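Everything below concerns the one structure shown next.
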2 protein chains.
Amino acid sequence: MGARRKLDYDCPIRDVLDRVGDAWSVLTILELSKGPCRFNALRRVIDGISQRMLAVTLRHLERDGLISRRVLPTAPPQVEYALTDRGQSLHAAIGQLNGWAVEHQPGIRADRAEYDARPDVA
Amino acid sequence: MGARRKLDYDCPIRDVLDRVGDAWSVLTILELSKGPCRFNALRRVIDGISQRMLAVTLRHLERDGLISRRVLPTAPPQVEYALTDRGQSLHAAIGQLNGWAVEHQPGIRADRAEYDARPDVA
DNA sequence: TCTCATAGTTACCTTCAGGGAACCGCCACA
DNA sequence: TGTGGCGGTTCCCTGAAGGTAACTATGAGA
């Protein structure tokens, strides 16, 4: 979206929403909030993510200082990812939003069903 | 994304993020938080939105019970959109997240610049 | 009578995110 | 001497999102 690209750079919340609005980023943060994890371990636990998207997602999160990347000096070098302090605080903020979601989901679901049942929309 | 679609229906926060993660929805909620507004008025004030996307966005928001749609009995019938109570509360939640964004943006920007300057990434 | 605004809908076309698969070097184990 | 796991990178291709433009009906005003 051309207009979105323009907005990205003057609107602070868009920086955040570009991460938070992305399912893979959220799932990754969620997983890492349980503790540090390696690449292929994440891959196995985040259901349905492709190798490519995990790599891309991790690099975005690392670039934004939300996660740290540590190469372990093991035989086949392993890479451990972990939430930074900033990542932790974003996880908390997501938790807030999740609270809103959980609270309002029943109402939203109901309204959607009602809307979909309206004859003038069909 | 196939996997996302699957997740949509068991994860409550995805319902929310599918709205909140969308730039047009956020901008529309932001506009309507200032007060009720008609279709073409919104179109003029939300920079860069197409007629189609405004219609689509408004219908999504209405379906989720976040905004109300009221047809005025004027000569060329006008349509007024307004935030519902639920929409207001989502606007508040977005405000929370925006708070996080504003607070952490400087750090994020700095980390991004640092990351982009790293020789091993280039 | 022609044009404009009101609020959309529809068809068409383009773009790009993201999936899948192949490939990389390295080391361990059999 | 394979085969497998490690952590990626690169390519191609498709599907879906979204922009543009044309069309709708109605009534006001020039």
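Quantities reported herein were computed from a predicted structural model and do not represent experimental measurements. Heavy-atom basis, side chains included; hydrogens, waters and symmetry copies ignored. Residue numbers begin at 1 in each chain, while the letters A, B, ... track the order of the sequences.
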So what does A/Arg52 touch, heavy atoms closer than 4.0 Å: a base, only the sugar-phosphate, or nothing?
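If one applies the 4.0 Å heavy-atom cut-off, A/Arg52 turns out to touch a base.
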Just call it for B/Arg43: base, sugar-phosphate, or nothing, with non-hydrogen atoms closer than 4.0 Å on any strand.
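Result for B/Arg43 = nothing.
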What integer distance in Å separates [X]:[atom1] from [N]:[atom2]?
| X | N | atom1 | atom2 | value |
| --- | --- | --- | --- | --- |
| A/Gln51 | C/dA21 | CD | C1' | 10 Å |
| A/Leu54 | C/dG19 | CG | P | 11 Å |
| B/Trp24 | D/dG18 | CH2 | C1' | 10 Å |
| B/Arg70 | C/dG8 | CZ | P | 14 Å |
| A/Leu72 | C/dC26 | CG | C1' | 16 Å |
| A/Leu58 | D/dG7 | CG | C1' | 11 Å |
| B/Leu42 | C/dA5 | CG | C1' | 16 Å |
| A/Arg59 | D/dT9 | CZ | C1' | 8 Å |

Assign each of A/Ala75 and B/Glu80 to its nearest nucleotide of DNA chain C by heavy atoms, then name whichever residue's nucleotide is nearer the 5' end.
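Here B/Glu80 is the residue nearer the 5' end.
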Taking only side-chain nitrogens and oxygens of A/Arg44, does any of them come within less than 4.0 Å of OP1 or OP2 of D/dC6?
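Yes.
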With a 4.0 Å cutoff (strictly under), does any side-chain N or O of A/Asn40 reach OP1 or OP2 of D/dG5?
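Answer is no, no contact under 4.0 Å.
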From the list D/dG7, D/dG8, C/dA7, which nucleotide is the closest neighbour of the side chain of B/Arg69?
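So the nucleotide nearest the side chain must be C/dA7.
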Measure from the side chain of B/Ser50, starting at C-beta and using heavy atoms only, and say which of D/dC6, D/dG19, C/dG8 lies closest.
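Selected nucleotide (nearest to the side chain): D/dG19.
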Look only at the side chain of B/Asp22 and the backbone of B/Trp24, and say whether a donor-acceptor pair between them is shorter than 3.5 Å.
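Confirmed, B/Asp22 side chain pairs with B/Trp24 backbone.
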Would the distance check show the side chain of B/Arg69 and the main-chain N or O of B/Leu58 forming a donor-acceptor pair, the cut-off being under 3.5 Å?
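Side chain of B/Arg69 to backbone of B/Leu58: no pair is present.
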With rounding to the nearest 0.5 angstrom, report the CZ to OG1 distance, B/Arg19 to B/Thr28.
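OG1 of B/Thr28 is found 11.0 Å from CZ of B/Arg19.
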Residue closer to the 5' end of DNA chain D, A/Pro76 versus A/Ala55 (nearest nucleotide)
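Closer to the 5' end of DNA chain D: A/Pro76.
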Using the side-chain contact (heavy atoms from CB on, under 4.5 Å) definition, which of the options A/Thr57, A/Ile29, A/Leu61 pairs with A/Ile67?
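Among the candidates, only A/Leu61 passes.
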Does B/Arg109 pair with A/Asp15 as a salt bridge, N-O distance under 4.0 Å?
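Salt bridge: yes.
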